[in-house]
Amino acid sequence: MLPTEGNTVPPRYRYEQIADDLAERIAAGEFSPGSKLPSRRELIEHYGVTEPVIDRAMQVLRIKGMTETLPGVGVFVAE
C-alpha cells in the first residue's frame with residue numbers, strides 16, 4: 001500500500017468535470033429552468049473535448065434529473 005498524504009482525491013474524468021461545471025452554472029442561474037443548453041458543437045468548442053465526452057457529461061446531467069433531452073431539438077434545464 002502506498003502512503004497517502006492528507007486527503008488525496010483521485011483524478012477525475014473530463015466528462016465528470018464538465019458535468020460538474022454545467023451543474024454549477026445551472027445552480028447559479030446562468031441556465032434557468034426550461035432554457036436550452038448550448039449545442040453539442042458549442043460545448044465541444046468551449047471545453048475543447050470530443051463529442052463522446054460531451055455526450056457522457058450530458059448523460060450524467062440527465063441521470064441526475066437536471067436536464068431533459070428532446071431528440072432533434074436540444075437539451076433543456078429541467079423545471
Side-chain angles (χ1 to χ4, degrees):
M1 233 182 184
L2 294 173
T4 59
E5 292 182 26
N7 285 336
T8 57
V9 178
R12 299 178 65 231
Y13 290 107
R14 187 71 176 119
Y15 76 88
E16 292 175 310
Q17 295 169 345
I18 292 168
D20 285 350
D21 183 58
L22 288 168
E24 288 170 12
R25 292 168 71 184
I26 290 168
E30 184 176 339
F31 301 114
S32 57
S35 68
K36 186 176 178 181
L37 292 181
S39 71
R40 178 187 288 153
R41 185 172 3 100
E42 290 171 318
L43 292 171
I44 288 168
E45 289 175 15
H46 177 79
Y47 290 105
V49 295
T50 60
E51 191 171 307
V53 175
I54 293 299
D55 290 345
R56 191 90 185 260
M58 292 294 106
Q59 181 182 31
V60 169
L61 293 176
R62 190 168 51 253
I63 290 168
K64 288 182 175 182
M66 297 186 78
T67 61
E68 298 173 359
T69 302
L70 297 177
V73 180
V75 178
F76 296 83
V77 177
E79 294 289 343

Exercise. Quick one: side-chain hydrogen bond (donor to acceptor under 3.5 Å, both in side chains) partners of Glu42, sequence neighbours excluded?
Worked result: Ser39

Exercise. In chain order, what residues pass the ring pair (Phe, Tyr, Trp, His ring centres under 6.0 Å) check against Tyr15, with sequence neighbours excluded?
Worked result: Tyr13

Problem set entry | Where at least one partner belongs to residues 25-40, residue pairs that pass salt bridge (Lys or Arg N to Asp or Glu O under 4.0 Å), sequence neighbours excluded | Asp21-Arg25, Arg25-Glu30, Arg40-Glu51, Arg40-Asp55

Problem set entry | Set of side chain to side chain contact (heavy atoms under 4.5 Å, CB included) partners for Thr50, sequence neighbours left out | Pro52, Val53

Exercise. Should the heavy atoms of other residues, nucleotides or ligands under 6.0 Å from CZ of Arg41 be counted, would the total exceed 12?
Worked result: no

Give the table of side-chain donor-acceptor pairs shorter than 3.5 Å for residues 62-79, with sequence neighbours excluded, one pair per line with atom names and distance.
residue: Arg62; atom: NH1; partner: Thr69; partner atom: OG1; Å: 3.3
residue: Thr67; atom: OG1; partner: Arg62; partner atom: N; Å: 3.4

Problem set entry | Beyond-backbone contact of Arg56 with Ile18, side-chain heavy atoms, under 4.5 angstrom | no

Exercise. Which pair of heavy atoms, one from Ser32 and one from Ser35, lies closest together, and at what distance?
Worked result: O-OG, 2.6 Å

For this session: Specify the closest pair of heavy atoms between Ala19 and Leu61, including all atoms of both residues, with the distance to one decimal.
Result: O-CD2, 3.5 Å

Problem set entry | Partners meeting side-chain hydrogen bond (donor to acceptor under 3.5 Å, both in side chains) with Gln17 (sequence neighbours left out) | Arg14

